[in-house]
Protein chains: 2
Amino acid sequence: MTEPRRESISADELRIWRNYIETAELLRARLERRLQSDSSLSSGDYGVLLALSEADQHTLRSSDLAAVVGWERSRLSHHLGRMEKRELICRSPSAEDTRGSEIRLTEMGATAFRRGSVPHLRAVQDLFLEALTPEQLVGVESMTDSLRAYLEPET
Amino acid sequence: MTEPRRESISADELRIWRNYIETAELLRARLERRLQSDSSLSSGDYGVLLALSEADQHTLRSSDLAAVVGWERSRLSHHLGRMEKRELICRSPSAEDTRGSEIRLTEMGATAFRRGSVPHLRAVQDLFLEALTPEQLVGVESMTDSLRAYLEPET
DNA sequence: CCCCGTTAGTTGACGCGTCAATCAAATGTA
DNA sequence: TACATTTGATTGACGCGTCAACTAACGGGG
């Protein structure tokens, strides 16, 4: 039995794909909107504040922060600029490495994070966890693991 | 037996959630990048071009186009502005309804779409379909259906 | 016919993300 | 020490998305 030539995408596959990607996008948008109206934070803000909240001294080197949230430096830099304007964080030059910059959570930032945290988790519950059976959740995990395995290699 | 008070999110649930949303985002970004480098189109461009390609006369009223791609009018208007600059589409006032505007696919647009289409489907195959077993694909469909059911109601 | 509410579409402001360029400090190497 | 390379971070340009404000035309009720 010969390896069959790879078929082009079937209608079923295409439908599943479209539903998957559109649903993920819809979910993301809904969650974003909830977070925004609950706490005036974007999901980006939230991730940064979370990372800083958990950090020693509520402070991280910029590149460490980038690693934690998984962003490119450029993106982080732009985002921190916006967050600094709102006084959610502040930047100061690093002592050990003069090139570097230290990002510290401000009082306002800590407060905003606390205010946003519970409603955000609630939204995850309402919009995602609540919708799925335990079996489906297990299926989701299996799926994401498989996708990751295919996606990770690519830089 | 009383309805138990809703528990807060468990570590497992949170992990599954994070993996789900991050993977979806990673996948989206990869696909976007592939489409961009294969054909200089964004996924937004692609959706618009697809809709117009399938339309009678390669032409749609702006609001109909918005309905097909599922976007707000404002977003569509901005996007069409950018696409018009690149001469992928052109806009002309509508005859029946003077308020309206008709969007027509240009030759360049049709060509760009044809050029992007095959590589795009290939990318969906490579980055998504290929990664999952048939059982997982079925699971994905079940999951998206459940999520939709929870998400749709909200306007 | 005139007014009013609805509908079609555009615009501007602003936040977000990516890419490529830049700059300075740190580090490795001759 | 001197010079090239790498690394940490910022910047500017530009596309993308949302929100709110706006313009203009349609359509119905008086």
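Chain A is the first sequence line, chain B the second, and so forth, proteins listed ahead of strands; every chain is numbered from 1. These numbers come from the heavy atoms of this one structure, side chains and all, not from hydrogens, waters or symmetry mates. Since the structure is predicted, the reported quantities are computational estimates derived from the model, not experimental observations.
- Taking a 4.0 Å limit (strictly below) on heavy-atom distances, residues 22-29 of chain A does not reach DNA chain D anywhere.
- Remark: A:Thr59 engages A:Gln57, A:Glu102, A:Arg104 in a side chain to side chain contact (heavy atoms under 4.5 Å, CB included) (not counting sequence neighbours).
- The side chain to side chain contact (heavy atoms under 4.5 Å, CB included) test applied to B:Ala67 returns no partner, not counting sequence neighbours.
- Partners of B:Tyr46 by ring pair (Phe, Tyr, Trp, His ring centres under 6.0 Å), not counting sequence neighbours, listed by chain and number: B:Phe113, B:His120.
- For the salt bridge (charged side-chain N to carboxylate O under 4.0 Å, His left out) condition, no pair includes a residue of residues 110-119 of chain A, sequence neighbours left out.
- For the salt bridge (Lys or Arg N to Asp or Glu O under 4.0 Å) test, residues two or more places apart in sequence or in another chain that qualify with A:Asp12 are A:Arg15.
- Reading DNA chain D from its 5' end, the first and the last nucleotide to sit under 4.0 Å from a heavy atom of chain B are D:dG15 to D:dC26.
- Within the structure, salt bridge (charged side-chain N to carboxylate O under 4.0 Å, His left out) contacts touching residues 76-93 of chain B (residues at least two apart or in different chains) are B:Asp45-B:Arg86, B:Glu84-B:Arg91.
- Legend: residues meeting side chain to side chain contact (heavy atoms under 4.5 Å, CB included) with A:Thr133, ordered by chain and number and at least two apart, are A:Glu135, A:Gln136.
- Of the residues in residues 92-119 of chain A, those with a non-hydrogen atom less than 4.0 angstrom from any atom of DNA chain D are A:Arg99, A:Gly100, A:Ser101.
- Across residues 72-87 of chain B, B:Glu72, B:Ser74, B:Arg75, B:His78, B:His79, B:Arg82 each have a non-hydrogen atom less than 4.0 Å from an atom of DNA chain D (numbered order).
- In terms of the side chain to side chain contact (heavy atoms under 4.5 Å, CB included) criterion, residue partners of B:Ala123 (sequence neighbours excluded) are, by chain and number, B:Leu31, B:Arg34.
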